[in-house]
Amino acid sequence: MPIKPAVLIIFILALLPRIMVSLFSVETPGYDANGYDARAMSILKYGVFGDEGKPSSGKPPVYSFFLALIYRAFGHSYLAVRIMQSFLGALSCVIIYFIALKLINRNAALISGLLAAINISFIKTSGYLLSEAFSTFLISLLILSLVSLGHSPRLY
């Protein structure tokens with residue numbers, strides 16, 4: 001199958017269930033999610049990474065900054081976060097396709113992308129206010145970059 005249709009099929013097949021989970025999720029933020037949310041609100045209100053405007057460095061900052069960016073654009077909306085995570089999850093499936101394409105072949109890449117698209121644990125992560133969907137996207141992007149670098153003829 002040509003690359004463009006394969007990518008489109010994987011992306012749509014991955015996006016639809018993630019959007020459905022996001023739209024119908026009634027999950028209220030739990031302990032970790034409350035922490036990410038509080039730190040994101042502290043970034044917006046006080047310009048400080050921490051709790052209630054008090055700087056701290058005990059927690060990983062990247063996801064809280066991601067939330068702050070979404071909150072700045074869409075307001076304090078958990079739905080907006082879940083929808084953004086749905087798109088990141090779908091993009092992760094496409095990235096997994098490209099990783100397999102570089103390492104194996106087109107058939108294996110298509111199977112890898114489709115399996116990632118329908119993986120229940122990948123789908124469910126978009127419904128939670130947790131860093132897993134965001135981290136999966138970043139890690140898969142890093143792996144694709146390293147695989148691409150490894151195939152580069154200029155690598156010394």
Side-chain angles (χ1 to χ4, degrees), residues 3-102 109-110 112-149:
I3 293 175
K4 286 183 183 180
V7 167
L8 188 61
I9 289 169
I10 291 168
F11 183 77
I12 291 171
L13 187 64
L15 185 63
L16 291 176
R18 285 164 177 76
I19 291 287
M20 297 302 283
V21 166
S22 297
L23 292 175
F24 295 110
S25 179
V26 291
E27 185 81 22
T28 56
Y31 179 75
D32 284 344
N34 279 333
Y36 289 126
D37 186 50
R39 287 184 291 280
M41 293 307 293
S42 177
I43 292 167
L44 285 178
K45 285 183 184 177
Y46 308 109
V48 173
F49 177 78
D51 297 315
E52 298 293 320
K54 297 175 196 147
S56 70
S57 63
K59 299 290 182 178
V62 178
Y63 187 67
S64 296
F65 280 102
F66 171 71
L67 290 179
L69 185 67
I70 293 172
Y71 291 164
R72 180 175 296 272
F74 300 104
H76 191 219
S77 168
Y78 298 143
L79 178 62
V81 173
R82 289 179 178 128
I83 289 174
M84 284 299 278
Q85 289 184 157
S86 297
F87 277 96
L88 289 179
L91 286 174
S92 295
C93 297
V94 171
I95 292 169
I96 288 169
Y97 167 82
F98 282 115
I99 291 169
L101 186 64
K102 287 189 175 290
L110 183 61
S112 299
L114 292 174
L115 286 175
I118 62 170
N119 184 306
I120 299 298
S121 61
F122 279 8
I123 292 170
K124 297 247 337 156
T125 59
S126 29
Y128 299 114
L129 204 69
L130 296 171
S131 63
E132 278 75 6
F134 185 69
S135 298
T136 302
F137 172 73
L138 290 179
I139 290 168
S140 60
L141 199 58
L142 175 66
I143 291 169
L144 178 62
S145 299
L146 292 173
V147 167
S148 297
L149 183 63

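The minimum heavy-atom distance linking L67 with D37 is given by the pair CD1-N, 4.0 Å. When all heavy atoms of S22 and I83 are compared, the closest pair comes out as OG-N, 4.0 Å. Taking all atoms of both residues into account, the shortest heavy-atom contact from A14 to A90 is CB-CA, 3.8 Å.
Side-chain contact between K102 and L144: present, with at least one pair of heavy atoms (C-beta onward) separated by less than 4.5 Å. Residues L142 and L138 have side chains not in contact (no heavy-atom distance under 4.5 Å, counting atoms from C-beta outward). Contact check for L141 versus L91: no side-chain heavy atoms found under the 4.5 Å cut-off. Counting heavy atoms from C-beta on, the side chains of K124 and V21 never come closer than 4.5 Å. Within the 4.5 Å cutoff, side-chain heavy atoms of S64 are placed close to those of I43. Annotation: side chain of I118 is in contact with side chain of L13 (closest heavy-atom distance under 4.5 Å).
Under the side chain to side chain donor-acceptor pair (under 3.5 Å) criterion, Y63 pairs with Q85, not counting sequence neighbours. Take F65 and apply the ring pair (Phe, Tyr, Trp, His ring centres under 6.0 Å) test, not counting sequence neighbours, and it matches F49. Remark: S92 pairs with T136, F137, S140 by the side-chain contact (heavy atoms from CB on, under 4.5 Å) rule, at least two apart or across chains. Qualifying ring pair (Phe, Tyr, Trp, His ring centres under 6.0 Å) partners for F134, counting only residues two or more places apart in sequence or in other chains: F66. Partners of Y71 under the ring pair (Phe, Tyr, Trp, His ring centres under 6.0 Å) rule, at least two apart in sequence or in another chain, are H76.
In this structure, the separation between CG on N119 and CG on L114 is 12.5 Å, given to the nearest 0.5 Å. To the nearest 0.5 angstrom, I10 atom CD1 is 9.5 Å from I96 atom CD1. Separation of atoms OH (Y36) and CG (L129) is listed at 9.5 Å; rounding is to 0.5 Å. Atoms CG and OG, on L130 and S135 in that order, are 10.0 Å from each other to the nearest 0.5 Å. The CD1 atom of I99 sits 9.5 Å away from the CG atom of L146 when rounded to the nearest 0.5 Å.
Identified under the ring-ring contact (aromatic ring centres under 6.0 Å, His included) test for residues 80-99, with sequence neighbours left out: none.
Side chain of R18 to main chain of L88: no donor-acceptor pair is present (N/O by atom type, distance under 3.5 Å, no hydrogens or angles). Not a single donor-acceptor pair under 3.5 Å links the side chain of S86 to the backbone N or O of S126.
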